[in-house]
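This report concerns only the one structure given below.
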Amino acid sequence: MPRFAANLSMMYTEHPFPARFAAAAGDGFEAVEYLFPYAYDPAELRRLLDEHGLRQVLFNAPPGDWDAGERGTAALPGREAETRAGIERALEYAAALDCPRVHVMAGLVPSGAARDTYLGNLAWAAERAGAMGVDLLIEPINHRDMPGYFLNRQAEAHAVVRELGSDRLKVQLDLYHCQITEGDLTTVLRRDLPTGRVGHLQIAGVPDRREPDAGELNIGHLFEVIDELSFEGWIGCEYRPRAGTSEGLGWLRDYRGAHA
């Protein structure tokens, strides 16, 4: 049965960030993810995880100047030293939090001229991560939400993983982004999950990134496909609840009830 992780950057925002761990555990989540941990001491985050019986399953490496609009640096020429220092910092947090996956954002670039930079940074980072038992993830992101992002389509991401040939580099398949960019999600899941190159899934409703059962996706069908394919990773719930987070979890309660 699929395993779900609460995304604490988008869910439970009615609470201060440290209180979101308790809220997620109270709703039956066993794992969490979020964008960035760096505003908090890793020991404090470790305490919150332990106190509430939660696993940390994903966070992002430093993305550059997020507040100024940057969305990663791995594909930006001239930023290699910053990118690699950020990877080192992320791996320190991963060790402290016992987190097995770190997402490395490529960045906003005007053309494909940065691919060599991207591959070089990822090859270096995958070697460093592998030495610590951590998987690095790359995620195609749709151009509607993030215009100019370097990586957009599943085939592009899988080509990068195949080219670099590291078993520590995997694809983060966000079904929300994939539906907006290319659709055909059932085929994508059946094509890509069996390759072993997908390390993490994420979900949200399309088109407005609300609860996953709102909008155009048949989320029950997609969960059945994921289950059928015996995916052993986590599904991150990376969506913005329409009202209260707990009140909007009917989709998850229904799913758990049907598979109890």
Side-chain angles (χ1 to χ4, degrees), residues 1-15 17 20 23-24 27-36 54 56-60 63 66 71-72 101-103 105-106 137-147 149 151-154 157 170-190 192-193 198-227 229 231 233-256:
M1 189 173 93
R3 301 181 297 169
F4 299 95
N7 187 295
L8 300 186
S9 296
M10 292 192 179
M11 301 174 73
Y12 301 104
T13 56
E14 57 268 38
H15 305 289
F17 184 77
R20 296 175 196 175
D27 282 329
F29 284 103
E30 298 178 353
V32 296
E33 62 177 40
Y34 41 73
L35 291 180
F36 310 110
L54 293 166
Q56 180 80 44
V57 296
L58 177 71
F59 61 83
N60 292 353
W66 185 268
R71 294 296 182 263
R101 298 166 202 86
V102 173
H103 172 212
M105 298 189 74
L137 304 182
I138 58 174
E139 177 188 24
I141 296 177
N142 80 78
H143 267 172
R144 171 160 67 77
D145 287 358
M146 202 172 287
Y149 193 74
L151 194 66
N152 310 122
R153 301 184 70 85
Q154 301 305 309
K170 298 185 184 299
V171 177
Q172 181 171 315
L173 170 53
D174 188 317
L175 297 177
Y176 166 80
H177 291 304
C178 186
Q179 171 68 6
I180 292 171
T181 301
E182 51 197 290
D184 206 11
L185 296 183
T186 297
T187 298
V188 169
L189 288 167
R190 288 183 171 149
D192 291 345
L193 290 193
V198 176
H200 192 71
L201 295 174
Q202 290 178 321
I203 55 171
V206 181
D208 57 3
R209 209 166 193 172
R210 299 296 187 182
E211 281 79 359
D213 61 339
E216 64 196 55
L217 299 186
N218 183 344
I219 201 67
H221 165 73
L222 294 174
F223 290 160
E224 288 176 5
V225 173
I226 293 165
D227 195 27
L229 295 169
F231 178 68
W234 291 87
I235 301 177
C237 304
E238 194 183 40
Y239 66 85
R240 301 182 185 92
R242 193 172 301 279
T245 302
S246 298
E247 292 81 354
L249 287 173
W251 65 270
L252 183 54
R253 289 188 288 269
D254 290 346
Y255 181 79
R256 286 172 173 164

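Because the structure is a prediction, the values reported are computed rather than measured.
Side-chain contact between Cys178 and Leu173 is present, with heavy atoms from C-beta onward closer than 4.5 Å. Looking at heavy atoms from C-beta onward, Met105 lies in side-chain contact with Met146 at the 4.5 angstrom threshold. Counting heavy atoms from C-beta outward, Glu139 and Val171 have side chains that stay 4.5 Å or more apart. Between Ile219 and Ile203 the shortest side-chain heavy-atom distance falls below 4.5 Å. Within the 4.5 Å cutoff, the side chain of Arg210 has no heavy atoms near those of the Tyr239 side chain. Here the side chains of Gln172 and Arg101 are not in contact, with every heavy-atom distance at 4.5 Å or above. With a 4.5 Å cut-off on side-chain heavy atoms, Pro212 and Tyr255 do not count as touching. Looking only at side-chain heavy atoms (C-beta outward), Val102 and Phe59 come within less than 4.5 Å of each other.
Taking both residues in full, the closest heavy atoms of Val188 and Gly183 are given as CG2-O, 3.9 Å, listed atom of the first, atom of the second, then distance. Contact record, Ala24 with Val32: CB-CG1, 4.3 Å, taken as the closest heavy-atom pair. In terms of heavy atoms, Ile138 sits closest to Pro140 at O-CD, 4.0 Å. Contact detail for Leu137 and His103: the closest heavy-atom pair is O-CD2, 3.3 Å. Here the shortest heavy-atom pairing between Ala214 and Arg242 reads CB-NH2, 4.1 Å. Here the closest non-hydrogen pair linking Arg144 and Pro147 is O-CD, 4.1 Å.
Thr181 is linked by a side chain to side chain contact (heavy atoms under 4.5 Å, CB included) to Asn142, Arg153, counting only residues two or more places apart in sequence or in another chain. Applying the side chain to side chain contact (heavy atoms under 4.5 Å, CB included) criterion to Arg209, with sequence neighbours excluded, gives Met10, Asp145, Asp174, Tyr176, His177, Ala204, Glu238, Arg240. Tyr34 is linked by a ring-ring contact (aromatic ring centres under 6.0 Å, His included) to Phe17, counting only residues two or more places apart in sequence or in another chain. Residues forming a side chain to side chain contact (heavy atoms under 4.5 Å, CB included) with His15 (at least two apart in sequence, or on another chain): Tyr12, Ala19, Arg20, Ala23. Qualifying side chain to side chain contact (heavy atoms under 4.5 Å, CB included) partners for Asp227, counting only residues two or more places apart in sequence or in other chains: Pro2. With sequence neighbours excluded, no residue satisfies ring-ring contact (aromatic ring centres under 6.0 Å, His included) with Phe231.
Atom-to-atom distance recorded for Ile180:CD1 and Leu175:CG is 11.5 Å, nearest 0.5 angstrom. Atom CG of Asn7 sits about 13.5 Å away from atom CD1 of Ile235, to the nearest 0.5 Å. The line from NE2 of His221 to CG of Leu189 is 8.0 Å long, rounded to the nearest 0.5 Å.
When atom types are taken as modelled, the side chain of Gln179 and the backbone of Leu185 share no donor-acceptor pair closer than 3.5 angstrom. Asn152 places a side-chain N or O within 3.5 Å of a backbone atom of Ile141 that can act as its donor or acceptor partner. Proximity of a side-chain donor or acceptor of Glu224 to a complementary backbone N or O of Ile226 within less than 3.5 Å is not detected.
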message: Would Gln202 and Leu58 count as a side-chain contact (heavy atoms from CB on, under 4.5 Å) here? Give the steps.
response: CA-CA 11 Å; Gln202 290 178 321; Leu58 177 71; 3.8 Å; yes

query: When you look at Met11 and Leu249, which way does the side-chain contact (heavy atoms from CB on, under 4.5 Å) test go after all the steps?
result: CA-CA 11 Å; Met11 301 174 73; Leu249 287 173; 4.0 Å; yes

- request: Could you please spell out the steps behind the side-chain contact (heavy atoms from CB on, under 4.5 Å) verdict for Leu193 and Val225?
  value: CA-CA 10 Å; Leu193 290 193; Val225 173; over 6 Å; no

- prompt: Given the rule in the side-chain hydrogen bond (donor to acceptor under 3.5 Å, both in side chains) test, do Glu33 and His200 qualify, once you have shown the distances and angles that lead to the verdict?
  reply: CA-CA 11 Å; Glu33 62 177 40; His200 192 71; 2.7 Å; yes

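Within a 6.0 Å sphere centred on CD of Glu182, other residues, nucleotides and ligands contribute more than 12 heavy atoms.
Judged by the 6.0 Å distance and 45° axis criteria, Arg253 is not positioned over the aromatic ring of Phe4.
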